[in-house]
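Have a look at the structure below, then the notes.
We number each residue from 1, following the sequence as shown. In listed order, ligands and their atoms are each counted from 1.
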Amino acid sequence: MNHIILTHSDLLTTLADELPSNKQRQSLVQGLLNAYKLDELCEVLPIIPIQDASMGQYHDKDFINQLQQPRDDVDKQLDSYEKVRMAVSEEFEGCNDTEEETVGDDEKFGLSFDCYPFPFMRYYVNLIAASTIQLAKRVVNSCKEGGIPGQIIGINWYGGRHHCHRSRCSGFCYINDVVLGISTIRKMCSGGVFYLDLDLHNGDGVAEAFKFSKKVTTCSVHRHDVGFFPAGSGKLEDSVSGMYNVPTRRGLTNEVMQWILQNIVFQLIDKHQPQYLVVQLGCDGLSSDPNNEWNMTIEGYADVVHLLIEYVDIPVIVLGGGGYNHTEVAKCWTYVTGTLLGYKAADFDEIPDHRLLDNYEHDGYRFWTDSNLQPGKMKNENTLENLLSLQAHLLSL
Ligand SMILES: [Zn+2]
């Protein structure tokens with residue numbers, strides 16, 4: 001039986017619901033986990049505000065300062081402003097808050113375009129960083145303490161903000177919790193960390209952070225094409241030993257993803273012999289995702305996680321990430337959590353009554369529908385020939 005450590009914070013759920021790219025998504029995720037009572041079977045790790053300099057272990061001070069500026073005008077745009085303000089002041093009581101509003105050059109730090117400031121952003125950033133840092137600490141300490149039977153798996157569906165750079169927001173990512181979490185593990189133990197990024201988009205921010213690290217290996221499996229976000233990154237030829245890009249074409253199926261794991265990723269894991277595995281499980285590769293690029297299913301994502309966990313026999317941390325069909329994301333991450341706890345597909349059939357049940361009306365209040373049980377009709381452009389050439393190159397590095 002796996003020992004699952006699951007992060008949770010009501011306040012972060014509220015704040016993450018305002019993320020411009022994923023409005024209300026976090027509530028759906030937390031709501032569904034709770035509706036199936038999965039949280040009751042996990043060790044729930046509450047997320048508490050960061051009061052130390054741990055964001056500075058990767059990000060530049062000026063950037064952190066810019067993120068932490070009070071922005072009352074933006075905060076007040078929120079309908080539930082007063083309620084959130086009270087919740088925030090209660091939870092952040094005693095934390096140093098910058099009093100004066102001295103907002104500098106947002107654009108310089110990427111706080112524009114797809115990463116514009118949103119209500120209560122500074123608290124969101126703090127708690128997102130906290131979520132993966134605190135989970136990393138808890139997982140490492142659990143391993144050190146010993147006495148826990150089974151494999152230790154940490155899950156943080158708030159995290160996985162893999163595009164953020166050292167001093168610039170990017171791709172809906174305002175802070176790089178992944179880098180902060182991995183750095184936390186590295187400070188606490190001498191072994192290596194293997195980071196596997198399965199989001200549709202290249203995990204550029206994490207790869208860049210650890211490009212020269214001997215102890216952190218990054219491997220990103222992503223959709224790649226000229227101009228595809230993050231443009232200019234993630235090319236096969238840019239791979240080096242310890243930083244691997246697995247660029248794929250449209251229509252990637254569950255079977256192709258499994259092939260990549262079994263014929264490329266496992267070999268790389270064997271080569272680097274990590275002590276911890278961190279997986280970013282953005283699910284914007286679902287066939288139902290509006291990106292419409294990959295053709296994976298919920299079952300496919302769960303199979304991938306199970307294959308990995310069975311293969312590695314080391315502690316694993318699973319993070320969220322992209323995913324823009326929000327009810328399907330909630331189902332996918334709930335299903336992954338549930339199957340790690342021993343649930344079967346049939347256990348999910350009817351969605352239990354809960355506060356957000358109405359969001360599933362279009363599915364007839366069912367977890368499984370004709371469209372999420374099967375992949376879509378998209379053509380798989382990833383030929384065996386293409387996959388074999390990726391394999392030959394990456395395994396030769
Ligand atoms: Zn993505």
Side-chain angles (χ1 to χ4, degrees), residues 16 19-26 28-29 110 113-116 118 124 128 131-132 155-165 168-179 181 195-209 218-235 244-254 256-257 260 265 278-298 300-302 304-305 317-333 336 376 378 382:
L19 187 65
S21 56
N22 296 93
K23 288 220 168 186
Q24 314 307 322
R25 184 180 75 167
Q26 204 70 44
L28 289 167
V29 174
F113 183 50
D114 59 2
C115 289
Y116 53 85
F118 62 96
Y124 162 85
I128 287 289
S131 65
T132 303
I155 299 180
N156 178 22
W157 297 128
Y158 298 95
R161 311 313 304 177
H162 60 166
H163 295 308
C164 189
H165 302 281
R168 186 166 51 86
C169 305
S170 173
F172 317 134
C173 300
Y174 293 76
I175 189 96
N176 202 318
D177 63 289
V178 188
V179 173
Y195 171 68
L196 177 62
D197 191 308
L198 299 178
D199 193 280
L200 178 70
H201 303 93
N202 175 32
D204 58 338
V206 186
E208 171 185 283
T218 63
C219 176
S220 174
V221 183
H222 49 261
R223 176 77 178 90
H224 181 74
D225 214 337
V226 179
F228 193 79
F229 186 86
S233 77
K235 295 188 198 99
Y244 303 96
N245 290 321
V246 190
T248 69
R249 300 176 179 177
R250 278 196 85 212
L252 178 139
T253 59
N254 298 339
V256 170
M257 186 60 96
I260 290 171
V265 175
V278 177
V279 183
Q280 199 268 23
L281 199 72
C283 57
D284 34 12
L286 282 171
S287 65
S288 59
D289 194 90
N291 273 287
N292 200 29
E293 289 287 345
W294 279 355
N295 199 9
M296 287 189 64
T297 66
I298 292 173
Y301 276 104
V304 159
V305 173
I317 290 178
V318 182
L319 306 171
Y324 304 92
N325 179 331
H326 292 176
T327 48
E328 290 299 306
V329 173
K331 288 179 182 181
C332 186
W333 290 345
V336 169
M378 194 187 302
N382 298 276

Measure the acute angle between the ring planes of Tyr324 and His326, then classify it against the limits of 30° and 60° as parallel, tilted or perpendicular.
-> tilted
Asp284 atom (N/O/S) at minimal separation from the Zn ion (ligand 1) = OD2
Chi angles and distances behind the side-chain hydrogen bond (donor to acceptor under 3.5 Å, both in side chains) call for Asn202, Asp204 | CA-CA 5 Å; Asn202 175 32; Asp204 58 338; 5.4 Å; no
Which atom of Asp199 approaches the Zn ion (ligand 1) most closely (N/O/S) = OD1
Closest His201 atom to the Zn ion (ligand 1) [N, O or S only] = ND1
Phe228 ring center near His222 ring center (under 6.0 Å) = no
With a 3.5 Å cut-off and no angle check, do the side chains of His162 and Asp197 form a donor-acceptor pair?
-> yes
